[in-house]
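The sequence lines fix the lettering, A, B, ..., with proteins before strands; numbering per chain opens at 1. Scope of the values below: all heavy atoms of this structure, side chains included, with no hydrogens, waters or symmetry mates.
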Amino acid sequence: MPEDNEDIREVIFGALRAALPQARPLSDETHIIEDLGLDSVAVMDFVMEIEDRLDISVPLDQIAEVETLGDLVATVQRLKAAR
Amino acid sequence: MALFDKYAALAEQYRRLEEAGANPFNVPFDEVLSPTEAVIAGRRTLLLGTNNYLGLTYDPAVIEAARQATRALGTGTTGSRIANGSYGGHARLERALAAFYDRAHGMVFSTGYQANLGIISALAGKNDHLLLDADSHASIYDGARLGHAQVIRFRHNSPEDLASRLRRLRHEPGDKIIVVEGIYSMLGDTAPLREFAAVKREYGAYLVVDEAHSLGVLGETGRGLAEQAGVEPDVDFIVGTFSKSLAGVGGFCVTDIAGAEILRVVSRPYMFTASLPPGVIAAAEAALHELRMRPALRQRLNENAVRLYRGLERLGFELGPEPSPVVSAIMPSPDAAFGFWAALLKAGLYTNVSLPPATPGGLALLRSSVSAAHSPAQIDHAIGLFAELGRAQGLLPSRAALAVK
Ligand SMILES: Cc1ncc(COP(=O)(O)O)c(C=O)c1O
């Protein structure tokens, strides 16, 4: 089970690469909706993957506040640390 | 930047549909002739997409009840239950619903949408957890957003996935409330309710079932999927609507949970909107009576559902996983769905287009719904149009191609 912050970033980026129809450059600054063209349901589906890979719960209101991949990494790190 | 610039991409799509003269989201119904026919853009059209499951919209007893109540009590209540009071009809309908479901409490809302908003937002408080099926209707998601609980999604119709998410939450304080639907409105599939009920018991959670599309459709007496699956004691709250099988408008919730009366002063979508007019209430009560007294309607509906499903399946359309009054054909793209929908309408058949994010799995759907009021000949006529236009649109192999196989 990935525990440190770099691992968490890798899990998130990896899950996203698998979810995207075509390869795109990904960084902490990438906007999940605008840059990647994912709709709200696709984002929630992808977060469900992350929940499973990291064994955490990510409530929807926290996803709503996420704009960039960096935001998502930070949110997930915080949730993982709080466990 | 203009106010609506944020919707620019969507506005462009909408404009293109309007320009093509075929916008499935803004269809002019010039006249409605019966539960199964209307005049649309000047053309007599067979209705195969109006969720009028029992065909009760023109039922003489229902119309007469609405007429009498309107004459006696007026066209509207002009306010909410907490401000302008409860009319006899409101209380009577709530008792009738509670009696139908054999539950202690019944509560009526002004729409089915508001029933979900009002129940889901009020049941789950700040430290509680809502667990929603990923394919839940917009009203369930919106109800979750209106409340203050932590909201978690689980994979559609997967009791194992629900269990693993509840397991993750097992040390968290607060109540766990699971929300599922009877029949899902997009693909017409049903929830594995027995298995969900077992998970609910194992984790000590509460279970809410939205029977919007299954009331009057499933179950020995038409109560819905919970009745059909034999798990009614495990379902803590049933939510539903009057707008489909009951041919009117309004929503409801029934429960046996003690103290549920408090919802009347904590559920904002119940408190801060006008109550249903007497005519609407009387019509819903009369339609519920018809639903109970005429099980033959349910049988006809389900025969029609199977007839359409098998017919389209035989033609080679890819459909939802099981026959139900909602029959959706999976289209290769949104444009294919728009094109097929427009061709069917032009040929005198009204259906629906459903697109992501409202649909599961990013699917574009050509959605139909059948009614007990359809004759077998009308269903066959619809299947014939699906065949002819499906081939013309390249959605089905052409006759020539079939012949050489
Ligand atoms: C599953 C589900 N729940 C609730 C609703 C809302 O019901 P209403 O249209 O009566 O507000 C609908 C349909 O619109 C629905 O499909």
Side-chain angles (χ1 to χ4, degrees), chain A residues 1-3 7-8 11-12 14-24 30-68 71-83, chain B residues 6 8-10 13 120-121 124 126-138 140-156 158 160-174 176-177 179 186 334 354-364:
Chain A
M1 189 71 41
E3 289 302 338
D7 287 348
I8 286 173
V11 167
I12 291 174
L16 188 52
R17 275 186 211 104
L20 287 173
Q22 66 236 37
R24 305 253 188 153
T30 305
H31 275 254
I32 299 175
I33 303 236
E34 285 130 66
D35 296 341
L36 300 179
L38 294 179
D39 68 27
S40 54
V41 173
V43 172
M44 291 192 294
D45 286 348
F46 148 65
V47 169
M48 214 151 43
E49 280 298 323
I50 297 173
E51 287 183 310
D52 287 343
R53 293 195 199 189
L54 296 174
D55 195 30
I56 54 170
S57 302
V58 185
L60 291 192
D61 58 326
Q62 305 212 10
I63 304 176
E65 284 165 20
V66 164
E67 284 192 14
T68 64
D71 296 341
L72 181 60
V73 171
T75 297
V76 170
Q77 284 169 350
R78 190 164 37 71
L79 289 167
K80 185 81 187 161
R83 276 174 53 90
Chain B
K6 51 189 167 281
L10 193 59
Q13 286 173 7
I120 294 169
S121 65
K126 191 160 173 24
N127 295 313
D128 298 331
H129 294 265
L130 278 168
L131 292 111
L132 311 185
D133 184 287
D135 287 0
S136 288
H137 187 259
I140 294 172
Y141 278 106
D142 291 358
R145 276 176 64 175
L146 185 62
H148 301 285
Q150 310 270 307
V151 185
I152 301 289
R153 290 163 91 232
F154 59 90
R155 288 188 170 76
H156 175 56
S158 173
E160 301 76 30
D161 199 67
L162 170 63
S164 79
R165 287 177 154 69
L166 280 166
R167 199 174 306 120
R168 258 174 225 148
L169 295 171
R170 68 193 178 283
H171 299 306
E172 301 275 335
K176 316 290 184 321
I177 300 159
V179 187
M186 292 290 112
S354 306
L355 298 177
T359 53
L363 294 174

Asks: Not counting sequence neighbours, which residues clear side-chain hydrogen bond (donor to acceptor under 3.5 Å, both in side chains) with E160(B)? List them please.
Replies: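 Counting only residues at least two positions away or on another chain, E160(B) forms a side-chain hydrogen bond (donor to acceptor under 3.5 Å, both in side chains) with S158(B).
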Asks: What verdict does the side-chain contact (heavy atoms from CB on, under 4.5 Å) test give for R153(B) and E51(A), after you've listed the backbone C-alpha separation in whole Å, the side-chain angles of each residue and the deciding distance to 0.1 Å?
Replies: CA-CA 10 Å; R153(B) 290 163 91 232; E51(A) 287 183 310; over 6 Å; no
Asks: For I56(A), is it the side chain, the backbone, both, or neither that has a heavy atom closer than 4.5 Å to a heavy atom of chain B?
Replies: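 Contact with chain B: backbone only.
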Asks: How about K6(B): does its NZ atom have over 12 heavy atoms from other parts shown lying under 6.0 Å from it?
Replies: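 It does: K6(B) NZ has more than 12 such atoms within range.
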Asks: Please classify the contact of R145(B) with chain A as side chain, backbone, both or neither, using a heavy-atom distance under 4.5 Å.
Replies: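 Neither part.
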Asks: If you count heavy atoms of other groups shown closer than 6.0 angstrom to NE2 of H31(A), is the number above 12?
Replies: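 Correct, the count exceeds 12.
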Asks: Applying side-chain hydrogen bond (donor to acceptor under 3.5 Å, both in side chains), name anything that partners D35(A), two or more places apart in sequence or on another chain.
Replies: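 None.
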Asks: Kindly check if the number of other-residue, nucleotide or ligand heavy atoms within 6.0 Å of CD (E67(A)) is above 12?
Replies: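 Open: at most 12 neighbouring heavy atoms sit under 6.0 Å from CD of E67(A).
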Asks: Contact part of F154(B) toward chain A, heavy-atom cut-off under 4.5 Å: side chain, backbone, both or neither?
Replies: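 The answer is the backbone of F154(B).
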Asks: Applying side-chain hydrogen bond (donor to acceptor under 3.5 Å, both in side chains), can you list everything that pairs with R168(B), at least two apart in sequence or on another chain?
Replies: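 Here the qualifying residues are D52(A), D55(A).
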Asks: Is S40(A) in contact with chain B via its backbone, its side chain, both, or neither, using a 4.5 Å heavy-atom distance?
Replies: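 For S40(A), the side chain is the part near chain B, not the backbone.
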Asks: Heavy atoms under 4.5 Å from chain B: which residues of residues 41-49 of chain A carry them?
Replies: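 Hits under 4.5 Å: V41(A), M44(A), D45(A), M48(A), E49(A).
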